[in-house]
Protein chains: 2
Amino acid sequence: MVTIKDVAQEAGVSVATVSRVLNDNGYVGSETREKVMKAITKLKYSPNEVARSLYKRESRLIGLLLPDITNPFFPQLARGVEDEVNRAGYRLLLGNSDESIQKELDYIQTFAQNNVVGMISATNYLDHELYEALALPLVLLDRTSEDYPAVYADGREGGRIAAKALVEKGAKRITVMKGPSHIKPAQDRFRGAIEYLSQEEVDFSVMSTTSYSFEDARGWAEELFDKYADTDAVIASNDIVGIAILHEALRLGKQIPEDVQIIGYDDIPQSSLSYPTLSTIRQPAYEMGKQAAKLLINIIRKEQEVERSIQLPVELIERNTTRKG
Amino acid sequence: MVTIKDVAQEAGVSVATVSRVLNDNGYVGSETREKVMKAITKLKYSPNEVARSLYKRESRLIGLLLPDITNPFFPQLARGVEDEVNRAGYRLLLGNSDESIQKELDYIQTFAQNNVVGMISATNYLDHELYEALALPLVLLDRTSEDYPAVYADGREGGRIAAKALVEKGAKRITVMKGPSHIKPAQDRFRGAIEYLSQEEVDFSVMSTTSYSFEDARGWAEELFDKYADTDAVIASNDIVGIAILHEALRLGKQIPEDVQIIGYDDIPQSSLSYPTLSTIRQPAYEMGKQAAKLLINIIRKEQEVERSIQLPVELIERNTTRKG
DNA sequence: CCTTTATGTGTAACCGGTTACACATAAAGT
DNA sequence: ACTTTATGTGTAACCGGTTACACATAAAGG
């Protein structure tokens with residue numbers, strides 16, 4: 001391994017001077033700078049981040065904690081975070097917590113042990129005490145909080161928009177699927193939908209679900225048409241479930257959107273690849289990731305006028321599981 | 001920040017003793033161990049990984065380099081890697097290289113600068129010189145190589161199986177989609193399909209594509225039916241493209257699988273959520289990730305009898321875009 | 001009883017950077 | 001000509017761990 005000492009020796013200067021050249025601070029004579037640069041190139045020197053991180057007590061790493069990257073909503077979020085974080089010269093330590101508080105705590109600890117400059121968390125549980133003890137800049141993603149800055153989409157409005165669209169498109173017997181109760185954003189969109197429907201002249205029923213996963217989605221779909229066979233519109237808890245419902249409806253010989261209208265939530269990329277293409281409420285996942293990263297970096301850099309939290313707008317994407325006009 | 005010194009002081013011993021307790025090596029008296037443990041608990045001490053990493057010249061991080069986590073094939077891979085890597089006490093530094101060699105090089109450099117113990121790369125380009133200069137344990141994933149251990153699925157066999165299935169199911173005018181030429185596994189499966197078809201009594205045509213992305217998938221689908229309107233079976237370059245083709249075929253009023261049979265590749269989770277559900281060649285993505293991580297860890301630990309490379313089997317998943325029997 | 005050997009603990013060097021501080025010299029100000 | 005001030009460079013302390021080595025004591029062996 002080539003160290004700063006080797007470079008110093010090669011250039012015939014001290015390590016301090018090499019360091020000054022590397023970081024472009026302090027005074028360095030122009031010929032000296034030249035010599036050092038040449039030595040760096042010659043030896044293919046690349047400074048060790050770990051040593052720097054130890055002294056500075058701060059690495060150039062940012063921790064990203066997700067529930068599960070395997071859920072199609074998260075890769076986009078993650079990319080948004082990564083792209084923005086890279087722009088500022090940081091790199092990502094990634095962790096999936098599943099639904100395990102233990103894993104979450106373990107990751108938070110690792111992040112801290114590695115001197116990360118900050119972290120972004122999109123997990124559902126949130127152990128306040130530990131996060132507090134941390135004293136690490138933290139931004140929450142896809143989640144609201146009183147205590148920490150957060151970036152999220154307007155779930156309540158999303159639920160409302162979905163409900164409004166279905167009512168306007170003539171739905172009479174709407175079924176609203178309620179997502180897992182420990183997932184906050186799931187509850188927000190559910191609440192938005194219920195609020196809207198309650199003030200309208202329509203019948204609606206609520207079906208509770210306890211997970212978002214691919215594996216269970218088909219089960220929810222079957223249960224839905226079993227329990228509410230005559231429903232003519234469904235507000236799905238997310239796109240995965242929405243596509244499963246669509247699939248099941250077709251299997252039962254229903255016409256989409258004539259017999260049943262369906263609105264998903266998230267607008268994951270594959271929603272536009274279903275058949276018929278799924279109408280949905282779009283959450284700007286990539287943008288949310290970017291904003292969260294930006295916010296975190298501003299906090300890290302102690303910029304003035306840092307927003308406390310950022311709410312991004314949602315949007316109805318009308319595709320082919322809802323009627324036209 | 002609580003350091004080992006604080007613990008030493010609190011326990012009334014030297015830092016060396018605390019270190020011995022932490023790492024459970026060297027001699028430590030049982031009462032002394034007790035005292036140290038108590039101090040650790042009391043101060044909520046958590047050793048700094050960076051300091052350890054500097055002295056040991058080795059962190060507990062592993063670098064994972066992917067083309068793009070946003071491509072639905074990769075989240076599963078990543079989870080496989082992460083889960084296995086965690087079991088062994090390591091954590092992941094994640095990077096997406098897109099198609100950029102520069103980004104790839106940058107990430108490799110960062111990995112090295114952070115003293116990662118090893119790296120797993122699933123990227124398409126591979127700058128041999130740099131990887132060589134690295135002297136970092138490296139395992140390639142979803143990719144073969146003469147020079148490095150690799151974990152991959154049997155693409156050629158996959159292509160063959162897909163072609164065989166279609167021929168057996170009565171396809172007469174098969175269109176084979178050729179994936180981007182810089183993506184090695186895409187070429188393998190293509191080659192497998194062509195090899196099989198060449199020895200059979202069927203007509204087939206080849207359509208070249210230059211990307212795998214969602215955004216372009218629809219375009220390829222349109223082009224396909226434009227150029228080869230009378231094709232009765234398609235071997236898609238991957239599931240995304242397969243689903244887009246399915247979608248387009250339905251839009252054109254074709255019956256699936258009666259008029260057109262379609263076989264995808266990868267078996268990404270959402271393939272079972274399409275309508276009709278997509279027949280495909282399954283690559284065990286999660287398992288591939290796990291195996292790659294296992295292999296890397298074995299190399300790191302300098303275990304004996306480490307396999308050079310691991311080829312995993314692919315499997316035909318018959319769903320509803322191919323005819324029965 | 002004396003020498004080994006095993007056990008327990010502390011001191012200090014080390015990992016590879018960064019930076020405070022000392023020192024030297026040149027340029028600028030009075 | 002003499003003090004400031006700006007510029008350039010090196011020495012060594014420091015970051016928070018790990019470990020080689022020294023040293024002390026107790027147990028075991030002859």
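Every chain is numbered from 1, with letters handed out A, B, ... down the list of sequences.
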Any salt bridge linking A:R143 with A:D188? Criterion: basic side-chain nitrogen under 4.0 Å from a carboxylate oxygen. no
For A:N48 and for B:Y27, find the nucleotide of DNA chain C with the closest heavy atom, then tell me which residue's nucleotide is more 5'. B:Y27
From the candidates C:dT18, D:dG10, C:dG10, the one with an atom nearest any side-chain atom of B:T17 is C:dG10
Which of C:dC15, D:dT19, D:dG10 is nearest the side chain of A:V13? It is D:dG10
Salt bridge flag under 4.0 Å for residues A:E287 and A:K290: no
For the pair A:R60 (side chain) and A:R91 (backbone), establish whether a donor and an acceptor sit closer than 3.5 Å, ignoring hydrogens and angles. no
From CZ of B:R33 over to C1' of C:dT7, roughly how many Å is that when rounded to an integer? 12 Å
So what does A:T32 hit on the nucleic acid, given a heavy-atom distance under 4.0 Å: a base, only sugar-phosphate, or nothing? sugar-phosphate
Protein-nucleotide distance (A:N25, atom CG; C:dT18, atom P), rounded to Å: 9 Å
Reckon B:V50 touches a base, only the sugar-phosphate, or nothing at all at heavy-atom distances under 4.0 Å? nothing
Given D:dG17, C:dT19, C:dG10, the nucleotide with the shortest approach to the side chain of B:A16: C:dG10
The side chain of A:R20 lies closest to which of these nucleotides: C:dG17, C:dC15, C:dA20? C:dA20
Selection from C:dT18, D:dC15, D:dG8 that lies nearest to any side-chain heavy atom of A:R57: D:dC15
When you measure from the side chain of B:Q113 to the backbone of A:P47, do you find a donor-acceptor pair of N or O atoms at a distance under 3.5 Å? yes
Return the value, rounded to whole Å, for the distance between atom CG of A:N115 and atom P of C:dC15. 20 Å
What is the distance, rounded to the nearest whole Å, between atom CG of B:L54 and atom P of D:dT19? 13 Å
The side chain of A:V15 lies closest to which of these nucleotides: C:dG8, D:dG17, C:dT18? C:dT18
Check whether any side-chain N or O of A:T3 sits under 4.0 Å from OP1 or OP2 of C:dG16, and answer yes or no. no
Measuring from the side chain of B:E31 (C-beta onward, heavy atoms only), which nucleotide among C:dT9, C:dT18, D:dG17 has the closest atom? C:dT9
Minimum heavy-atom separation for A:R308 and A:D147, please, with both atom names. NH2-O, 3.0 Å
Looking at B:D6 and B:K42, does any basic side-chain N land under 4.0 Å from a carboxylate oxygen? no
Among C:dG16, D:dG8, C:dG8, the one nearest A:A51 by side-chain distance: C:dG16
Between A:R60 (CZ) and C:dG17 (P), how many Å, whole number? 12 Å
When rounded to whole Å, the CD1 to C1' distance for the pair B:I4 and D:dT18 reads 8 Å
Mind calculating the distance between OH (A:Y55) and C1' (D:dA13) to the nearest angstrom? 8 Å
Assign B:S19 to base, sugar-phosphate, or nothing according to its heavy-atom contacts below 4.0 angstrom with the strands shown. base
Expressed as a whole number of angstroms, how long is the span from B:Q9:CD to C:dG10:C1'? 15 Å
